[in-house]
Amino acid sequence: MAAHIGTNHVAPMEVSVEAGNAGAAEWLDDDGRPRRTGTFWTASAHIITAVIGSGVLSLGWAIAQLGWVAGPAAMLLFAFVTYYTATLLAECYRTGDPDTGKRNYTYMDAVRSNLGGARVAFCGVIQYANLVGVAIGYTIASSISMKAIRRAGCFHNNGHADPCKSSSTPYMILFGVVQILFSQIPDFDQIWWLSIVAAVMSFTYSSIGLSLGIAQTISNGGFKGSLTGISIGAGVTSTQKIWHSLQAFGDIAFAYSFSNILIEIQDTIKAPPPSESKVMQKATRLSVATTTVFYMLCGCMGYASFGDAAPDNLLTGFGFYEPFWLLDIANVAIVVHLVGAYQVFCQPIFAFVERRAAAAWPDSAFISRELRVGPFALSVFRLTWRSAFVCVTTVVAMLLPFFGNVVGFLGAVSFWPLTVYFPVEMYIKQRRVPRGSTKWISLQMLSAGCLIVSIAAAAGSIADVIDALKVYRPFSG
């Protein structure tokens, strides 16, 4: 059980005494914290909730930039790298013995135990900046889906020629209000049900997108698209082709990103046997395999349906207009999923700030006093700070409503450090891989190759954001 993610105290005895269960050793894990209850299935649900997110909707556009050869190949490559490095990272949950070694409760704890020094601060900045970015990206994506529900009805009633314009700002505010409510749930272990609902929703809208893609392809009389992707000429310059192709790598990287919360998810798994790392590796294998099948189907069918005209969001870019009620169901599912995914990604930020505050002001009633109501643990500090966090991410989302560009940039910036560099370096240290050995060289080559991909993808996304900002007026979207 990951009660520590939402509790304010760090020392194990403080948690056990606070919970009123000192002496009840059967209810405590080896670190003195309340016994964890997570399983292979709950870990898989958390991962699928984090992975099959709104990123799936941009994959048709990503493949359109790369073409039938490079697009699917890039998706398979990212799937393999993500899975492989996740298995390395899972080994770092405990320092030393995989069954009895010291637990690392967060990604940063694992970096601190294995690497230390300035790399801990570097990891913290990248991880938490990425999590904040994901919260912003999900706020944008949810508002686009809510707006699409309104537009689908408008198109159905007034015809496709009607622009059916509306602002996404009210929808972002609505999403923010819902997140303020759910943010009061204290920790990961108590949002397992939200993760399962979100995972079901993600399969729902992915399946609808896939079905509509298949139907569109059949009505087209065959597959659209080409081996090399969008052709230079018709409104696309050679420079834009390059930038968009690079951004496509960022989109695919974002679609697979979950390493930044892997340790936090692993810390919900009940104690050995089997070891937490074995359970996590098994959950990762199922989750990455499942999501890759969905990604290949959704991405490829999105490109097959629309070819070069594939929208950057398959269900809200209005490649499809009918049946409008089915589009509405899909977009409702996206919104529900994003409510859960937002919480999965934000819990590590909430826990980090609350642990720091508890350590700095251990005697403050403002921080420590709680009133429990069902799944909610209400404290003045939690209510104040988490609500402020949601408000800030919502306002930033209003300023930057560029779904595809934000997704590409987030994926690019976080992919190398969080998905590849730190897992590789920690695994080398943990397993004492000899410097200069074949395994050491192979791991370093993997890391260097992924760094190049990350830099290139970030450059492509930044170039696209700059283009979009030239014609954008804040709060108008």
Side-chain angles (χ1 to χ4, degrees), residues 1-19 29 31-34 36 92-93 95 102-136 179-180 182-191 259-268 342-372 376-393 396 414 417-418 422 426:
M1 178 175 174
H4 63 280
I5 289 181
T7 54
N8 297 321
H9 300 277
V10 179
M13 276 308 295
E14 289 181 32
V15 173
S16 58
V17 171
E18 179 192 43
D29 270 331
D31 58 349
R33 294 187 170 185
R36 294 155 178 83
C92 303
Y93 170 65
T95 301
K102 172 185 163 294
R103 294 173 187 266
N104 296 306
Y105 303 119
T106 66
Y107 196 117
M108 273 184 72
D109 286 345
V111 175
R112 187 177 291 109
S113 296
N114 289 285
L115 302 176
R119 286 188 282 190
V120 179
F122 173 59
C123 169
V125 170
I126 293 291
Q127 184 190 11
Y128 291 114
N130 175 256
L131 292 174
V132 172
V134 168
I136 294 166
Q179 290 304 341
I180 287 173
F182 280 110
S183 292
Q184 303 314 309
I185 300 175
D187 56 50
F188 255 134
D189 197 60
Q190 291 167 359
I191 61 166
S259 296
N260 48 354
I261 55 170
L262 183 143
I263 296 288
E264 284 83 348
I265 293 173
Q266 192 167 345
D267 192 45
T268 67
Y342 185 104
Q343 287 301 315
V344 168
F345 276 99
C346 289
Q347 285 295 336
I349 304 175
F350 297 156
F352 174 75
V353 171
E354 284 153 24
R355 278 200 310 271
R356 285 299 180 94
W361 301 284
D363 301 320
S364 170
F366 174 70
I367 290 170
S368 60
R369 191 172 296 153
E370 288 186 346
L371 172 66
R372 288 194 170 265
F376 300 100
L378 303 174
S379 74
V380 179
F381 175 63
R382 181 179 291 121
L383 183 63
T384 305
W385 122 253
R386 293 191 182 190
S387 300
F389 173 86
V390 173
C391 290
V392 169
T393 57
V396 175
S414 64
L418 297 177
F422 283 117
M426 287 192 289

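In this structure, the side chain to side chain contact (heavy atoms under 4.5 Å, CB included) partners of Ser259, at least two apart in sequence or on a different chain, are Leu89, Thr419. Judged as a side chain to side chain contact (heavy atoms under 4.5 Å, CB included), and not counting sequence neighbours, the contacts of Thr95 are Asn104, Ser113, Asn114, Gln430.
The shortest non-hydrogen separation linking Thr393 to Ile136 is O-CG1, 3.8 Å. Closest heavy-atom contact between Cys123 and Tyr107: SG-CD2, 3.5 Å. The two residues Met426 and Cys92 have their closest heavy-atom pair at CB-SG, 3.6 Å. Taking each heavy atom of Ser183 and Arg382 in turn, the nearest pair found is O-CD, 4.4 Å. A pairwise comparison of heavy atoms in Thr106 and Arg355 identifies CG2-NH2, 3.5 Å as the closest pair. Heavy-atom minimum distance, Leu131 versus Phe345: CD2-O, 3.3 Å.
Distance check, rounded to the nearest 0.5 Å: CZ of Arg386 to CD of Gln343 gives 7.5 Å. To the nearest 0.5 angstrom, Met108 atom CE is 12.0 Å from Ile126 atom CD1.
A donor-acceptor pair under 3.5 Å is absent between the side-chain atoms of Tyr128 and the main chain of Phe352, judged by distance alone.
Between Leu418 and Asn130 the shortest side-chain heavy-atom distance falls below 4.5 Å.
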(request) Test side chain to side chain contact (heavy atoms under 4.5 Å, CB included) on Glu264 and Gln347 and set out the steps. (result) CA-CA 9 Å; Glu264 284 83 348; Gln347 285 295 336; over 6 Å; no
